[in-house]
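Numbered from 1 within each chain, the chains take letters A, B, ... in sequence-line order. Remember, predicted model here, so these are calculated numbers, not experimental data.
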Amino acid sequence: MENCGGMDLAATLDCGQAFRWQANGAAWHGIVENRSVTARMEGDALILEGASETDRDFWVHYFALDVDYPALLEKFCSGNKRLAECVRWNPGIRVLRQPFFETLCTFIISQNNNIPRIKAIVERLCTGLGQPLEGGGYGFPSAETLAALEPEDLAFLRAGWRAEYLIDAARRVAGGQIDETALRAMPMENARAVLCTIKGVGPKVADCVLLYSLSFWKAFPMDVWMKKAMCQLFPRGVPVSCRGHEGIAQQFIFDYARHHLPSGQKQKSARKMHAKQSSGN
DNA sequence: CTCCAGGGGTTCC
DNA sequence: GGAACCCATGGA
């Protein structure tokens with residue numbers, strides 16, 4: 001795939017928006033749904049080894065190669081100085097469009113959790129219940145597969161209370177109460193409200209699904225942690241010139257904050273800020 | 001031992 | 001409406 005607009009594979013695949021990519025030198029191996037692939041950059045071209053030609057559209061969509069990122073970044077840079085700083089910090093990071101059900105499940109698993117353990121649980125989930133693929137590895141289990149199980153059946157995940165949430169999510173998706181096509185057709189606020197009816201899905205998980213799977217690049221409310229970074233970067237609010245692309249801005253800001261704020265300080269300052277917000281003004 | 005990791009549900013007031 | 005506390009796991 002040519003002309004990837006300066007995409008940085010490592011930054012994109014290892015920033016915490018996807019959990020099944022594994023670095024192998026400069027290449028990255030990943031499984032998305034039931035497609036196993038090894039990705040690497042040659043200049044500005046994305047090389048996908050092991051991808052069938054018929055899956056080309058799938059990967060273009062997944063990597064959002066149809067989005068003119070250079071133009072978008074240019075808009076960010078000219079629109080706001082601090083946002084320009086974010087872009088300068090990591091110009092190659094991209095917001096993926098991941099399959100709906102696996103995004104929902106991986107972010108349910110992500111709650112009150114850390115990335116290495118999230119990855120480990122997701123791998124156990126796939127190895128235990130996913131379809132074995134030609135050439136090794138396992139696909140992501142279908143909603144139907146999970147829906148037929150009980151929370152106790154997921155004990156092998158060692159995911160704690162999240163097992164119950166996964167089963168509920170699977171049953172709602174398999175039963176059609178949660179429908180990806182319908183969600184995409186809704187205004188973002190309605191889609192978020194529907195996602196939040198799943199047990200174990202709150203504003204944070206819902207927003208991750210909206211951003212990383214459903215491509216809602218609209219006014220994006222930030223969770224407490226994000227707000228901290230946002231307030232540092234945009235003390236007077238997100239500039240109007242950037243409206244409509246806050247989702248992408250959020251990804252930049254997230255990455256910026258991850259590298260610039262000392263890890264121990266994040267929670268503390270977020271809490272302090274939360275307290276300040278709720279008590280004062 | 002305690003703390004905490006990219007939350008959310010429940011139970012209080 | 002929002003604060004406090006609970007939830008399981010595993011690493012630091």
Item checked: Nearest-Å distance for atom pair CD1/P, residues A/Ile115 and B/dC4 -> 18 Å
Note to self: Measuring only the C1' atom in each nucleotide, how far is B/dG6 from C/dG2? A whole number of Å is fine.
What the structure shows: 22 Å
Item checked: For atom NZ of A/Lys119 and atom P of C/dG10, their distance in whole Å -> 18 Å
Checklist line | Pi-cation contact, A/Phe58 with A/Arg35 (under 6.0 Å, within 45°) | finding: yes
Notebook entry, point to check: Using 30° and 60° as the class limits, which term best fits the ring planes of A/Phe107 and A/Phe19: parallel, tilted or perpendicular?
Noted result: perpendicular
Item checked: Length of the line joining A/Phe107:CZ and B/dA5:P, which is rounded to integer Å -> 17 Å
Check: Looking only at atom P, what distance separates C/dC6 and B/dT2, rounded to whole Å?
Finding: 14 Å
Check: P atom, C/dG10 versus B/dG9: distance in rounded Å?
Finding: 23 Å
Margin query: Expressed as a whole number of angstroms, how long is the span from A/Asp14:CG to B/dG6:P?
Written below: 13 Å
Checklist line | Remaining members of hydrophobic cluster (4.5 Å side-chain criterion), A/Tyr138 | finding: none
Note to self: Is the ring pair A/Trp89/A/Tyr256 parallel, tilted or perpendicular, if the boundaries are 30 and 60 degrees?
What the structure shows: perpendicular
Item checked: A/Arg192 CZ - B/dG7 C1' separation (whole Å) -> 15 Å
Note to self: With salt bridge (charged side-chain N to carboxylate O under 4.0 Å, His left out) as the rule and sequence neighbours excluded, what pairs involving residues 135-160 of chain A come up?
What the structure shows: A/Glu150-A/Arg171
Next item on the list: State whether A/Tyr69 and A/Arg94 meet the cation-pi test: NZ (Lys) or CZ (Arg) under 6.0 Å from the six-membered ring centroid, and within 45° of the perpendicular axis.
Entry: yes
Note to self: Using OP1 and OP2 only, check whether a side-chain N or O of A/Arg158 sits under 4.0 Å from C/dG10.
What the structure shows: yes
Next item on the list: Using whole Å, report how far CD1 of A/Ile109 lies from P of C/dG10.
Entry: 14 Å
Notebook entry, point to check: Rounded to the nearest Å, what distance is computed from the CZ atom of residue A/Phe19 to the C1' atom of nucleotide B/dA5?
Noted result: 12 Å
Notebook entry, point to check: Testing A/His29, A/Glu134, A/Arg20 for side chain to side chain donor-acceptor pair (under 3.5 Å) with A/Ser36, which one passes?
Noted result: A/His29
Notebook entry, point to check: In whole angstroms, how far is the P atom of C/dT9 from the CZ atom of A/Arg162?
Noted result: 9 Å
Check: When you check every protein heavy atom under 4.0 Å of nucleotides 8-13 of chain B, what one-letter string (B, S, -) results, 5' to 3'?
Finding: SSS---
